[in-house]
Amino acid sequence: MLNVEIDNNEVRQYEAGITFGDIIKDVFGRKSGSVAVFVNGIEKDMSQFLETDCKIEPIYGESDAGLYILRHSCAHLLAQAVTELFPYAKPTIGPPIDHGFYYDFYMDSIGDEELKKIEKRMREIMKKNQPISREEHNNESLREIFIDNQFKLEIIDEKIGHEIGSSIYKQGNFVDLCRGPHVSFTSQLRWFKLTSTSQAYWRADSKKESLTRIYGMCFATKEGLKNREKQLQEAAKRDHKKIGKEMELYMIDEMIGRGLPVWLPNGEIIKSSIENFALETEDRYGYQRVTTPVLGKKQLFETSGHLPHYAEGMYPPMKMDDGEYYLKAMNCPMHHLVYRNKKRSYRDLPIRIAEYGTVYRNELSGTLAGLLRVRMLSMNDAHIYCTLDQVAEEFANNIKMVQDYYKTFGFEDYYFRLSLWDSENKNKYIDQPENWEATQNHLRSILDDLGVPYEESIGEAAFYGPKVDIQFTTAIGREESMSTIQLDFAAKERFGLTYTDETGSDNDEVFVIHRAPLSTHERFVAFLIEHWSGNFPTWLSPIQVQIITISEKHQEYANNLAQILKEVGIRANTDTSDNTIGKKIRMHRTMRPAYMVIIGDEESINGTVSIRARDGRQRNGMALDEFIEEISLENTNRKTTLDLVKDK
RNA sequence: GCCUCAGUAGCUCAGCCCGGUAGAGCAUCUGAUUUGUAAUCAGACGGUCGGGGGUUCAACUCCCUCCUGGGGCUCCA
C-alpha cells in the first residue's frame, strides 16, 4: 500500500497501479469537476497510475491550469475532426491560448462552410465519448508513428531529439505527439466554438510552409462560453471604427489612400486637446519644441541606420534633381541634427527636443485597421540627449510623466515591459553585443530601483537599443504598446554627437532616449474611444454642451447662451429645429455631448439652465453663473468624471 | 504581402442560393405642427447595386480579375 496525501492534508492508502482518476473519484466523488491532477505539483492525466507515495490535488476545469488542459484537449479534438474530414491534412502544432486554442494544419485553406462542418464533426466525436489515452515512446518509435508528417518529425528531431522519447495521445484513430496532460474522455469538451481561420507560417517564418490556422474558444462551463460571447458583443459596441463614424471623428477615403486617416472637426478637437495637455506637461518637464520637415535625403536615413534596417517599412523614395528623398518614418535623425547644430556643453545636458510631427510608415496593407494601425502617424515625440550618468534620472522622469498622463486619463490596467534584443537574431539589431548587455542591465537596474513591477520580453527591442514599453489590452482584448521609452547607444557614433565636458575636451558619450508617452494620436484616440465608449470627459468632448430648445420662443435665449459659453471657452451647439424635445435628445445622443441643456419657458424667464446627463439624470433650474463656473472647472481641471448632475 | 469573409441611397440593412435592369427605416429637403426629457404627421429628393471583364436574349444575382473594408497571420524604429 502507498500513502497518498490529499490536498486537505488527509492521508489515504491505495495500492500501486490504481489510476489517479480512481483516487479522485474515491475522495471527491464521481462529479468532482476535475480534469487532471497535480501529483507532487506536477500535472498528470487522470488515467496515469499511482507508482509511489505522493501528494495529489485535483485540477478543476475552471481553474487556470484546468482551462489550459481543456483548451489543449480541445485543440486535439479539432485536429481529430480535421484529419477525419480531410485525411490529407497534416497537423503541426496546436496550443491553448487565452479563451481557447488554435491548431495549424498543412492543408488547403478553408472557408466558413468547412469550418461549420469541422465544428459539427467535433461535436459528434465529443458525443461518442471516446477515451483519450497516453503512451510513452522512444524517439525511434515516435519517428515511425509520425513518418508521414514532416512537421512532427522536425519537432521530434529538434525539440525532443536529445531526450529519451516522449508521449503520444490517442483518441479514436487520431494520434498526436504531445506532452499532455489531457482530459480522459472527449465528452469533457462540451463548451467550445470554432471562431475563425487564418494563414500562418510554419515556425512563423515567411520562407517556410503556409499553414491553415483554425481558432476556437473553449470553456469549462456553458456560462464561461456565454460570458465570453457576451464580452465580445460588448467590445463590438465600443469599436472605435463604429463610434468614430457616429461621432464624426475621422474618415478614411480611398482616394487619399489606405491607412491615411483625416481628422474631422470633432476628432481634431480631441487630438488638439491631448496635444495642449502634452504641451503643458512637457513645458514643466523642461522640453524644447521644434518642427522638422516630413521628408529628407537618402543619406540622412542611411546615416541613422533606418534604411539598412528598415527600408521595407518606409515609403519608396522620391527622385529629385539632387538625389532621392524619403518620407520620414521617424523624427530622430532630424532631432540628432538639431542637437548637432551647435556645440553643446556638459552644462546644457540633458537636452530634451520635442516635436508634434507626422511620420509615414509603409505598414503592410493587411495590417491596417481603422485608427489602430495607420500609415500616417501623428506623434508627440521627443529625444533626450544626456550622459550615461543622467540616463537613470531621465528614465525615471519619463516613467513618472507617463504615470501622470495615465492618472489624468483614468487608466489603471497596464503593465511595464522591458523589451530586450534577441541575440539569436542578430541581423535585426545593431551588432554590438557588449553594448546590448550593458544597456539592458542598466535599464533593468533603473526599473528595479524605481520599484516598478515589469516583465521582460526578448526580441521586442528597437534595432538601436533596448526599451521600456507600457502595454495595454484593448476592449477587443488585443495587447498594444501605449507608451515607449527607448535607450539608443548607437546614434552618438552614427551622427557624431558630442559635448564639451568639464575638462574642455570633446566627449562622445552622448546617449539618446527616444520617448513617446502617448502612443500615436491615432492609436491613442482609438484607445480612448474604446475606453469610454465615446463618452468622453468634458475636457475631451467635441461637444461639451448641446443646447436644446423646447419651442421657437426659446431660440433667442438659446443662441445667447451658446455665445456666452463660447466666449468662456466652452464648446456649445444649439438645436433650434421644430422637432420634439424627445426626438432632439434621441438624435444628439449619438454625438455623445458631455451635457445636454434644455431651454424652455422656465429657463428663459429665470435665466437658468436644466441639465441632462448622458445617463438620463437631470438637474433643473441651475443658475447660469453656477453652470458656467462648474463646467469650466471640469474642463480646465481635466476631470475624468462628469459631476454637474449628481443625483437623480 | 498571405488566408478568409464582406462591399446595394449620407447611415443601418433586405433582395442574390432558384438570373427578368432595385426596396425599407433613419438622415436630408418641403409643408403642417410649437411641443418639458430616448423617434409628431405627410410629401419629396436620393442608387449606372465597389471598378473592369466574361457567360446569357437578359446579371445586384453566375464566373474571372482588380480595388476597398472586417477578422487573423506576418511585420512593427
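So that the names make sense, note that chain A is the first sequence line, chain B the second, and so on, each numbered from 1. Because the structure is predicted, anything quoted here is derived from the model rather than measured.
Remark: A:Pro433 engages A:Trp421, A:Lys426, A:Asp431 in a side chain to side chain contact (heavy atoms under 4.5 Å, CB included) (not counting sequence neighbours). Evaluation of the side-chain hydrogen bond (donor to acceptor under 3.5 Å, both in side chains) rule for A:Gln299 yields no partner, not counting sequence neighbours. Take A:Ala613 and apply the side chain to side chain contact (heavy atoms under 4.5 Å, CB included) test, not counting sequence neighbours, and it matches A:Asp615, A:Arg617, A:Val645. Partners of A:Ile97 according to the side chain to side chain contact (heavy atoms under 4.5 Å, CB included) rule, which considers only residues two or more places apart in sequence or in another chain, are A:Tyr102, A:Tyr215.
With hydrogens and angles ignored, a donor-acceptor pair closer than 3.5 Å exists between the side chain of A:Glu603 and the base of B:G36. Interface remark: the A:Arg373 side chain does form a donor-acceptor pair with the B:C76 base, using a distance-only criterion of under 3.5 Å.
When each of A:Met314 and A:Ile598 is assigned the nucleotide of RNA chain B with its nearest heavy atom, A:Ile598 is the one assigned upstream, toward the 5' end.
Geometric assessment of A:Arg71 against the ring of A:Phe219 yields a positive cation-pi assignment under the 6.0 Å and 45° thresholds.
OP1 or OP2 of B:G10 has not a single side-chain nitrogen or oxygen of A:Lys245 nearer than 4.0 Å. When the side-chain nitrogen and oxygen atoms of A:Tyr215 are compared with OP1 and OP2 of B:C73, one or more of them lie within a distance under 4.0 Å. Regarding contacts with the backbone of B:G71, every side-chain N or O of A:Ser198 stays at 4.0 angstrom or more from both OP1 and OP2. For the pair A:Arg589 and B:U37, the criterion of a side-chain N or O lying under 4.0 Å from OP1 or OP2 is not met. Residue A:Lys583 has a polar side-chain atom (N or O) positioned under 4.0 Å from OP1 or OP2 of B:A27. Within the 4.0 Å cut-off from OP1 or OP2 of B:C2, not a single side-chain nitrogen or oxygen of A:Ser210 is found.
At a threshold of 4.0 angstrom between heavy atoms, the contacts of A:Glu246 with the nucleic acid are absent. Counting any heavy atom pair closer than 4.0 Å across all strands shown, A:Ser610 reaches a base atom.
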Could you pull out the protein-nucleic contacts involving nucleotides 63-68 of chain B (nitrogen or oxygen on both sides, under 3.5 Å)?
unit_1	atom_1	unit_2	atom_2	d
B:U68	OP2	A:Arg258	NH1	3.4

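The nucleotide whose nearest atom lies closest to any side-chain atom of A:Lys241 is, among B:C73, B:U37, B:G70, B:G70.
Under the side-chain hydrogen bond (donor to acceptor under 3.5 Å, both in side chains) test applied with A:Tyr464, the options A:Gln486, A:His306, A:Gln432 reduce to a single match, A:Gln486.
Residue A:Asn579 contributes atom CG, which lies 8 Å from atom P of B:A27 at whole-angstrom precision.
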Side-chain atoms of residues 255-267 of chain A: list all donor-acceptor pairs with protein atoms under 3.5 Å, sequence neighbours left out, distances to 0.1 Å.
unit_1	atom_1	unit_2	atom_2	d
A:Arg258	NH2	A:Ser365	O	3.4
A:Asn266	ND2	A:Met247	O	2.9

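Spacing between B:C16 and B:U61 at atom C1', rounded to whole Å, works out to 4 Å.
The partner of B:C13, taking Watson-Crick or G-U wobble pairs whose two distances both stay under 3.5 Å, is B:G23. As the counterpart of B:C41, B:G31 is assigned, both hydrogen-bonding distances of the Watson-Crick or G-U wobble pattern falling under 3.5 Å.
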